[in-house]
Amino acid sequence: MTLLIDKSQRPESTRFQDARAIAIQLNALSDRYESLSPTEILADALQHEWFDNSAVVSSFGAESAVLLHMVSQVAPELPVLLIDTGKLFGETRQYAAQLQHRLGLEDVRHVAPRRAEIDEKDPLGKLSGTDPDSCCALRKTIVLQRALEPFGSWINGRKRHQTDQRSLMSIVERDGDRIKLNPLANFSHTDIADYHRKYELPDHPLISKGYRSIGCFPCTSKVGEGENPRSGRWPGLDKTECGIH
Ligand code: SF4
């Protein structure tokens, strides 16, 4: 497969040295991916040098099986990182084990906050109720930053339809000194549902209980029919993202 990016122009590592040139190349790659399916994007990207040291980041939530199934078809050996905040539903851990087995994912890694940091900053485990941004920083953002240190790029399952903020994302983005791939950017609710059906993927056990977007238990609520699934995250707060994106 032809690589879009001229390798002679690449830095020795994925640490960016020429931001403008990289931005142009990222935009070109992103534009080309607009006409490809998510699986085609994934397969193409993983042959590209920018993605030769990638990890998938998954919440193993309501729609996660779709991207994970695609990964299992293209590169089941890819590391898959699950941020175990210490506040996950037990059902999410069960679902992670189920999907890992069912899809044949070879390298699922549970990454967690350090005990000492939890003891210092959230000893009572109630920070989510008083300062959710700090809680997400402690239990998610910092954890992911550490977990991604060995990797030059990462892949996630965000979709443009989910939030106003996500509607603007490119399929390939710069994320600090890494590259981030959003292969499902153009997938709709219907696309997700159709893909689930086509490959008979198992549902997260909380779907049948009325949950549509599933994160940590203190910050996730059930969502009514016809409501945006993301409205069940941090309900009542002006917060739509945990900060890892
Ligand atoms: Fe804390 Fe809630 Fe963020 Fe989870 S989603 S890290 S419990 S604030």
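All ligand and atom numbering here is 1-based and tracks the order in the structure.
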What are the atoms of ligand 1, with element, lying closer than 4.0 Å to any heavy atom of [X]?
{"X": "S128", "answer": "1 (Fe), 2 (Fe), 7 (S), 8 (S)"}
{"X": "C135", "answer": "1 (Fe), 6 (S), 7 (S), 8 (S)"}
{"X": "C136", "answer": "3 (Fe), 5 (S), 6 (S), 8 (S)"}
{"X": "K140", "answer": "5 (S)"}
{"X": "C219", "answer": "2 (Fe), 5 (S), 7 (S), 8 (S)"}
{"X": "R139", "answer": "6 (S)"}

Next item on the list: Using modelled atom types only, decide if a donor and an acceptor are shared between the side chain of R139 and the backbone of T85 within a distance under 3.5 Å.
Entry: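 Indeed, once roles are kept as given, a pair shorter than 3.5 Å links the two residues.
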
Notebook entry, point to check: Taking the inter-plane angle between the rings of W50 and H48 on a 0 to 90° scale, is it parallel (under 30°), tilted (30 to 60°) or perpendicular (over 60°)?
Noted result: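 Rings of W50 and H48: tilted, 30 to 60°.
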
Next item on the list: Using 2.8 Å as a strict upper limit, say whether an N, O or S atom of C216 approaches atom 1 (Fe) of ligand 1 that closely.
Entry: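 So C216 does not bind atom 1 (Fe) of ligand 1 by this criterion.
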
Next item on the list: Give me the other members of the hydrophobic cluster that F217 sits in, counting Ile, Leu, Val, Met, Phe, Trp and Tyr linked by side-chain heavy atoms under 4.5 Å, directly or via other members.
Entry: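 Direct or chained contacts put F217 with F89, L206, Y211, I214.
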
Note to self: Whether the Q98 and R102 side chains hold a donor-acceptor pair (N or O, under 3.5 Å, no angle test) is what I'd like checked.
What the structure shows: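 On atom types as modelled, these side chains do not qualify, holding no pair under 3.5 Å.
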
Show every donor-acceptor pair shorter than 3.5 Å between a side-chain atom in residues 71-81 and any protein atom, with sequence neighbours excluded, or say none if there are none.
from, atom 1, to, atom 2, distance (Å)
S72, OG, H69, O, 2.6

Check: Below 4.5 Å, heavy atoms only, C-beta onward: do R174 and K180 meet side chain to side chain?
Finding: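 When only atoms from C-beta onward are counted, K180 and R174 do not touch, as no gap falls below 4.5 Å.
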
